[in-house]
Q: 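The following block contains the structure, expressed as structure tokens.
From a predicted model like this one, the values you see are computed outputs, not experimental measurements.
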Amino acid sequence: MSAEPDGPEDRLRRLTTIWSRALYPVTSTSLTRAEFEAQLLPLGRRLSELLRARSFDADAAKAVGVALVEAHCTDPEALSRTLDCVDAYLVLYCGGDGPQDELRMRSSRLQHAMAAGYAHALRRRTLAEQEAIAQAALRAQGVVAQALHASEARFRAVFEGAAIGIGIADLDGHILQVNEALLRMFGLTQQSLRGRRVQDWTHPDDAPQTWRLYDELVRGDREHYHLEKAFNRPDGTVLWTNLTVSLLRDADGRPQYQLALMEDTTERRLLNLRLRYEATHDALTGLPNRTLFFERLEKFLAAGNGQRFGLCYLDLDGFKTINDSLGHAAGDRLLVEVADRLQSCATAPGEMVARLGGDEFVALTTGPGTDRTVDELAERIMNALVTPISIDGRDLLVRGSLGIVEGPAGERTAAEVLRSADITMYRAKSAGGNRCELADPEADARAITRHGLTNALPTALERGEFFIEYQPLVHLGDGSVRGAEALVRWLHPQHGVLGPDRFIPLAEHTGLIVPLGRWVLEESIRQARAWRERHGGRHAGPLRINVNLSPCQLSHPGLVQDTVDILERAGVTPDALCLEVTESALIGADDDLLKPLRRLAEMGVDIALDDFGTGYSNLANLRRLPVSVLKLDRSFTQGMQQFPADPVDLKIVEGIVTLAHSLDLAVTVEGVETGAQAEQLRVLGCDTAQGWYYARPGPPERLHDLALADAQG
């Protein structure tokens, strides 16, 4: 019988065990290793929670570093071993099934914050020790001045036994004494220090205020200062320290000596630099990542200075297919090769390439004349992708869509520039891919508006921002109103009334078309019942309501049941409803797609084939479609608005009407705008029509008035 898989708590304990084994040998503690492991377990649990949290909490990660110092893990190797353990095992044991790239990025940021918290806590501890030493030194100096031998011995014990470097110099900078810790830090001997002066230890990386603070101290204008300073060792390496220099005064308060306390921070600094690199570079390709690229772009745009920039936003075409067919390992090798090629395209000053994530890369060029330079850069990038990439013995042809943005610094933020580049790239992809597109402010504005409408759609339905207008369907034989088509509108808070062409495609893309379509059907059926009740027996039958059905609704499994429930709740018979389906949605439809329409038709719901004549379906297919009405597209009847009518259009419409009637189908014509057009369609045998000649779409009360006038007439 196979063992149960490890749960999250088991994996957490395994991580903590590995961590404790690495850390225990370099920790000064009276605890046993088991007790020490139990002490680390809450810290491991906290790291696991931070790794999987929705937002990054730097303060909580810093607190883990502080806790390590409080647990006496202050040996120089303690932090390095901790970060190595977290880097190697945190994502492995606590990441679960989350996206690995994001988890590794989060782990790097956690390590960076832990190191910062650890360094801050260790610095506080060191400063406390330094303060104690300084106080002891002051007391000892006073005692020396009073020739108290016991206090001198006590000072020597503190001076020689301290773990940090200590040095004493006179006010001219001559070094008088240093302890063993300082000699080890510098790799020097007492003899080699003779004759040395503090001023000899300048370094190119000294902060601008370093020697100004020193001069103020030896003049007696300040009591101490603290800063980070680098020193050159005799072996050519660099020693980085946290340096605190204090002024020692004699019994009369006159400046006499300077006392320097040094903490070796070289390892910590190198570790921070490594963590910074990992946090700002892509682990797979080694390119700068989104964070670093955004920082560089923001800094350049904020500087202004009349400079210009050019940006190329690249997305590989069909990369998901490569991952799905050859595996993610092959996809990773492909990305590495693409990154190398892109890196070779941007080698001039002011140019850089970064990986934003997935298969998205960006190249930036800055300086004068970027309108020409960015075009050349884009051409180099597209040419670099022409040569196939060999992966596992297969030559893969790589294509890419490229969006180009160029302009002056200072006019747009980094977020706005990247958004424009992203929109432009998707415009290139929508145009077939493997091409470049230049940013177009008007196209950007349309895309941003589209995006805003897409995001607002769900709440718009909840807030009741949609409403329905109705356009009457008129019988061409007697001119009576037989029904109406329901046309949904969106009363947007900022953009006003929007027609269905503005938001129906967005609703179909997001899947909101199903609940929106259900709402339209409910409202329309409720209105049909209201018309039937108001008309009473004056009409030959209930006014029929036509409701458009999108392809997404047609394939939704709940279509038939939703329609039945809505009709039953409203108390309306199925023959009062006609569902309109576009011809293009039924081209090549199989029996599974047609099955719900057949069930609705068998119940008595009319099915209309909308926009007939615009698709390429075989006319013979009409026999197998469960439709009872053909809605002839307005393009066939526009030629009838003038006299004499286009004879070709007349022949086409006459043929369609004859065919439809032979199949027992009614014919409805849309877009009727003149009386002559309506009369011509009546002569040709069309059954019903709609258009501005009769009425524009409007509120339900207008249709009621038309139907009432028709009944009274």
Side-chain angles (χ1 to χ4, degrees), residues 457 461 466-471 473 483-490 499-528 543-570 572-615 617 621-622 624-633 665-668 670 688 690 697:
L457 269 170
L461 188 56
F466 293 100
F467 66 97
I468 299 175
E469 291 186 329
Y470 299 88
Q471 187 171 39
L473 286 160
E485 180 179 0
L487 300 168
V488 64
R489 306 285 190 256
W490 182 2
D501 58 313
R502 294 286 302 277
F503 61 86
I504 290 297
L506 305 180
E508 290 177 336
H509 179 69
T510 59
L512 192 71
I513 191 65
V514 173
L516 177 59
R518 187 184 301 117
W519 177 84
V520 172
L521 188 60
E522 286 177 338
E523 291 296 310
S524 303
I525 293 296
R526 189 180 299 116
Q527 186 58 55
L543 286 174
R544 187 179 67 182
I545 189 74
N546 284 33
V547 179
N548 291 284
L549 202 64
S550 81
C552 295
Q553 291 174 273
L554 184 59
S555 58
H556 189 265
L559 172 63
V560 175
Q561 191 59 51
D562 285 347
T563 305
V564 170
D565 292 344
I566 291 170
L567 288 170
E568 289 180 351
R569 284 198 301 268
V572 174
T573 56
D575 62 347
L577 173 64
C578 177
L579 295 175
E580 298 187 8
V581 185
T582 60
E583 180 187 16
S584 58
L586 296 183
I587 292 177
D590 55 19
D591 288 339
D592 289 338
L593 188 64
L594 296 177
K595 188 179 295 182
L597 290 182
R598 288 199 177 100
R599 288 183 59 190
L600 290 169
E602 290 166 358
M603 291 166 40
V605 175
D606 282 330
I607 308 296
L609 195 60
D610 197 10
D611 297 334
F612 183 77
T614 59
S617 60
N621 282 339
L622 287 175
R624 57 183 289 268
L625 299 178
V627 299
S628 55
V629 180
L630 291 187
K631 287 197 74 173
L632 195 60
D633 187 71
L665 303 177
V667 177
T668 297
E670 24 180 33
T688 54
Q690 64 186 95

Q: Within this structure, what is the CG-CG distance for the pair Leu609 and Asp633, rounded to the nearest 0.5 Å?
A: 11.0 Å
Q: Determine whether Thr582 and Asn548 make a side-chain contact, defined as any pair of heavy atoms from C-beta on separated by less than 4.5 Å.
A: no
Q: Is it true that the side chains of Ser628 and Asp606 contain a donor and an acceptor less than 3.5 Å apart?
A: yes
Q: Donor-acceptor pair, distance only, cut-off 3.5 Å: does the side chain of Gln561 make one with the backbone of Gly558?
A: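 Not confirmed, Gln561 side chain does not pair with Gly558 backbone.
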Q: Can you measure from CG (Leu461) to CZ (Arg518) and round to the nearest 0.5 angstrom?
A: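 Separation between the atoms: 9.5 Å.
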Q: I would like to know whether Leu567 and Thr573 meet side-chain contact (heavy atoms from CB on, under 4.5 Å); could you show each step before the answer?
A: CA-CA 7 Å; Leu567 288 170; Thr573 56; over 6 Å; no
Q: For the atom pair NZ (Lys595) and CG (Asp592), what is the distance rounded to the nearest 0.5 Å?
A: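 The distance works out to 5.0 Å.
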Q: Taking CZ in Arg598 as the centre, count heavy atoms belonging to other residues, nucleotides or ligands within less than 6.0 Å. Is the count above 12?
A: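 Counting other residues, nucleotides and ligands, CZ of Arg598 exceeds 12 neighbours.
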Q: Answer yes or no: is there a side-chain heavy-atom contact under 4.5 Å between Asp610 and Asn546?
A: no
Q: Is the Trp490 ring parallel, tilted or perpendicular to the Phe503 ring (thresholds 30°, 60°)?
A: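 Rings of Trp490 and Phe503: perpendicular, as their planes differ by over 60°.
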Q: Evaluate side-chain contact (heavy atoms from CB on, under 4.5 Å) for Asp562 paired with Leu521, printing each intermediate quantity in order.
A: CA-CA 9 Å; Asp562 285 347; Leu521 188 60; 5.7 Å; no
Q: Minimum heavy-atom separation for Leu577 to Thr563, with atom names?
A: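 For Leu577 and Thr563, the tightest heavy-atom pair comes out as CD2-CG2, 3.8 Å.
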Q: Is the CZ atom of Arg502 crowded by more than 12 outside heavy atoms at less than 6.0 Å?
A: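 Atom CZ in Arg502 is not packed in, count stays at 12 or less.
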Q: Which atom pair, heavy atoms only, marks the closest approach of Ala585 to Pro551?
A: CB-CG, 3.8 Å
Q: Whether Glu523 and Arg526 form a salt bridge (side-chain N of Lys/Arg under 4.0 Å from carboxylate O of Asp/Glu) is what I want to check.
A: yes
Q: Supply the atom-to-atom distance Leu625 CG to Leu597 CG, rounded to the nearest 0.5 angstrom.
A: 8.5 Å
Q: Give the C-alpha distance, both sets of side-chain angles, the deciding distance and a yes or no for side-chain contact (heavy atoms from CB on, under 4.5 Å) between Asp611 and Glu670.
A: CA-CA 9 Å; Asp611 297 334; Glu670 24 180 33; 3.3 Å; yes
Q: Could you tell me whether the side chain of Phe612 reaches within less than 4.5 Å of the side chain of Thr668, counting heavy atoms only?
A: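 No; the side chains remain at least 4.5 Å from each other.
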Q: Measure across Tyr470 and Ala484 and return the closest heavy-atom pair with its distance rounded to 0.1 Å.
A: CB-CB, 4.0 Å
Q: What are the two closest non-hydrogen atoms of Ala486 and Ile468, and how far apart are they?
A: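 Looking at all heavy atoms of both residues, the shortest contact is CB-CG2, 3.8 Å.
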Q: With rounding to the nearest 0.5 angstrom, report the NZ to CD distance, Lys631 to Glu583.
A: 14.0 Å
Q: Roughly how far, to the nearest 0.5 Å, is the CG atom of Leu559 from the CZ atom of Arg599?
A: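 Arg599 atom CZ to Leu559 atom CG measures 9.5 Å (nearest 0.5 Å).
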Q: Checking Ile504 against Leu516 for the side-chain contact (heavy atoms from CB on, under 4.5 Å) test, could you report, in this order, the C-alpha distance in whole Å, the side-chain angles of both residues, the deciding distance, and whether it holds?
A: CA-CA 9 Å; Ile504 290 297; Leu516 177 59; 4.2 Å; yes
Q: Using the salt bridge (charged side-chain N to carboxylate O under 4.0 Å, His left out) rule, collect all pairs that involve residues 508-517, keeping only residues at least two apart or in two chains.
A: none
Q: Testing the basics here: between Val488 and Pro500, what is the closest heavy-atom pair and its distance to 0.1 Å?
A: O-CD, 3.5 Å
Q: Using the rule side-chain contact (heavy atoms from CB on, under 4.5 Å), only one of Glu485, Gln690, Arg489 pairs with Pro697; which is it?
A: Arg489
Q: Of the non-hydrogen atoms in Ile566 and Glu522, which two are nearest, and what is the gap between them?
A: CD1-CG, 3.4 Å
